[in-house]
Protein chains: 2
Amino acid sequence: MKKNSGKETLSIIRLAELTGISKSTISRVVTKHPSVSEKTREKVEKAIEKYGYVPSISGRSLAGAKTGIIGLISPYIASGYAAEVISGATAEARSQGAHILCSASHNESDYLELLRDMSRWRMMDGILLIAPPDLIYKEKRPENTPQLVICSSKPAPKADTSWKELDTVTVANRKYQTELLEKFYESGCRSFIYFSGDDQNYDAHERFGAFKSFVEEKKLKWTSARGSYNGYEMMSAMKVEKLPDAIICFNDQIACGVYQYLKEKGLDNKIKLSGFDGDPSSETYKFSTVEVPLLQIGKTGVQRLFERINGYNEAKREDIIELKVRI
Amino acid sequence: MKKNSGKETLSIIRLAELTGISKSTISRVVTKHPSVSEKTREKVEKAIEKYGYVPSISGRSLAGAKTGIIGLISPYIASGYAAEVISGATAEARSQGAHILCSASHNESDYLELLRDMSRWRMMDGILLIAPPDLIYKEKRPENTPQLVICSSKPAPKADTSWKELDTVTVANRKYQTELLEKFYESGCRSFIYFSGDDQNYDAHERFGAFKSFVEEKKLKWTSARGSYNGYEMMSAMKVEKLPDAIICFNDQIACGVYQYLKEKGLDNKIKLSGFDGDPSSETYKFSTVEVPLLQIGKTGVQRLFERINGYNEAKREDIIELKVRI
DNA sequence: CTGAAAGCGCTTACAG
DNA sequence: CTGAAAGCGCTTACAG
């Protein structure tokens, strides 16, 4: 049963008949194998152009060759964070003639399942993992995964060993969270609230970790809350007996809500506020933030992936993305 | 060359050896073909479970069978709109044992190219088109597309005929935009500004169309502006000599920015403001909106797609999603 | 109800 | 430099 009963799709065999050149040679032209004479190469290229031949992914894949498709798994497709990273990855892939195909996980335990499925399909040259939840590292890495690169996370020291030695693209969260806190401190802040989001992942740990180190080292007053990305609700729910000098949020999304709350209470000029990521919102709503070059994370991830796929084994194992504090 | 030099992946042939049952029969069990005895079916199912056999997509695809993968193309992956629709689609697909693979277009002319590529791969059972830009309808539909369902758009009357007769899931934009305008009118609004976004697509036309019909019919004062989704900037750029009674925005994203501007100028209680979509932001920032059940759009789209894929030809050709005005 | 065989579209050693 | 052949993993008429 053919799936498309419409016009027959042009296979390499048909093209071979049409041109009188063997499919082996045509295949070599398509895959840019060097051992083809200039003359036949040209002839084939013209025919490909003329008839609009496009190789079938399934055929390629079955023959064990590269497909030019790379997968991407993201837990946060609804957040601006993932969307930007995906955008950067997509652009970079396209510029290399490849395609990104994304799959969104619905919850933390879903994520690993998705990786398992994608790997089983044996159809991707590689997979980019965006901000995987911590818990995937507790289980064994699925078998038969293609090349993997992890963005915005890296296997914890206690991770299952099957996850080690993967390329990672991470963000220098600690360094820049601390830098921001130092500036707040210099401007007189001595008491803090920290709002985490709801997910357990690398960025969350790193940012909160930096906060905690800072306030404990300086012996400052602080509290924290977590459970949602709605800053407005988190603020409302919190019974604050005494207002802090500053509120530090895991990301800009939370900070937006908090800002709205402060504005309503007329506190927006009394309490310092910071988010993280550098969303457009952070400009409109005027709070401090740390700008994360999200597009670049995706781009770098794809670059590393291609290096592995193409066997450049001297590639960096870890990329650390530098950020910029905006007060 | 095998792509994964690690542990050999288990093929149907190997499973046949392992169980002593022919691969034909195993295949029949996997595809749920009825002509298999209860006894062998059970035996095969146990073996599949035991050895963890998962069919290769490429194999299936080459043999002309269904793959259980449906593609999704979206122009707006960075917007909350698309993210929600994708989320609904993903959930529905998963509940039917299928997978959604998304690809994001970068600009309007990109969109069609993506559809062309996805179709050529011959690997998807169907493709969901989310809010395609108007201009794709000017060109011919690519050949060999699998089943298609269009969400948040439908071919214009003047579209190339190759686009006709596709299933569509659309939103009753006109009806509810008008309802909202009527309520504003009843509460005394007589002059309006309308902010479009930057894209030429179905929703944009419908919503602005409803607005225009309304103000022209009632002979009200109005102006409009377009070019970006940043409402704050659009407001700042606009030289308003006289403040309007109400500002109507294409979506909540724009309305958020406008709200921020009004708040800053202390105008937020003087001018009525509305967005569209029912983002969480519309609650936090307090403006009127029309709630669009975005998850349901994606869900319905996937349902229609499966009906076509499975050959239920009595399926509806058009789904119209009803909305809810929130003042 | 079950199996052997052909075929889907590719790639790549192998032989020339 | 080029081609014939084997093989990748599946499905499905066909024959029994």
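Convention: sequence-line order gives letters A, B, ...; per-chain numbering from 1.
- Remark: P of C/dG3 and CG of B/L15 are 13 Å apart, rounded to the nearest angstrom.
- With a cut-off of 3.5 Å on both pairing distances, C/dA13 has no Watson-Crick or G-U wobble partner at all.
- Distance from the side chain of B/A63 is smallest for C/dG7 among the nucleotides D/dG7, C/dG7, D/dT2.
- Taking a 6.0 Å sphere around NZ of A/K164, one finds it holds more than 12 heavy atoms contributed by other residues, nucleotides or ligands.
- Computed from coordinates, the A/I57 CD1 to C/dC10 P distance equals 10 Å when rounded to whole Å.
- Residue B/R122 contributes atom CZ, which lies 21 Å from atom P of D/dG9 at whole-angstrom precision.
- Following rounding to the nearest Å, A/K32 (NZ) and C/dT11 (C1') show an atom-to-atom distance of 16 Å.
- OP1 or OP2 of C/dT2 lies within a sub-4.0 Å distance of a side-chain N or O belonging to B/S37.
- Residue contacts shown for A/S11 are limited to sugar-phosphate atoms, with no base heavy atom under 4.0 Å away.
- For the P atom pair drawn from C/dC14 and C/dC10, the interatomic distance equals 24 Å after rounding to whole Å.
- Across all strands shown, C/dA4 forms no Watson-Crick or G-U wobble pair with both key distances under 3.5 Å.
- For residues 92-120 of chain A, the pairs satisfying ring pair (Phe, Tyr, Trp, His ring centres under 6.0 Å) are A/H99-B/W121, with sequence neighbours left out.
- The separation between B/M123 atom CE and D/dG9 atom P is 18 Å, rounded to whole Å.
- Taking the charged nitrogens against the carboxylate oxygens, B/R116 and B/E113 do have a contact shorter than 4.0 Å, which makes a salt bridge.
- Side-chain contact of B/Q303 with B/E307: a donor-acceptor pair under 3.5 Å is absent, judged by distance alone.
- Rounded to whole Å, the separation between the C1' atoms of D/dG16 and D/dT12 comes to 16 Å.
- Shown for residues 21-31 of chain B: residues whose heavy atoms fall under 4.0 angstrom of DNA chain C, namely B/I21, B/S22, B/K23, B/S24, B/T25, B/R28.
- Atom C1' of nucleotide C/dG7 and atom CZ of B/R60 are separated by 17 Å, given to the nearest angstrom.
- The phosphate of D/dT2 has OP1 or OP2 within less than 4.0 Å of a side-chain N or O from A/T40.
- Atom-to-atom, CD1 of B/I13 to C1' of C/dA5 comes out at 12 Å; the value is rounded to the nearest Å.
- Applying the side chain to side chain contact (heavy atoms under 4.5 Å, CB included) rule to A/S109 yields the partners A/N107; only residues at least two apart in sequence or on another chain are considered.
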Task: salt bridge (charged side-chain N to carboxylate O under 4.0 Å, His left out) between B/R14 and B/E17, intermediate numbers included - done: CA-CA 5 Å; B/R14 183 90 187 89; B/E17 292 170 4; 3.0 Å; yes
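- When rounded to the nearest whole Å, the span between NZ of A/K43 and P of D/dC1 equals 15 Å.
- Judged by distance alone, the side chains of A/S152 and A/Y81 do bring a donor and an acceptor atom under 3.5 Å apart.
- Taking only side-chain atoms of B/V36, from C-beta outward, the nucleotide of C/dC10, C/dT2, D/dT2 with the closest atom is C/dT2.
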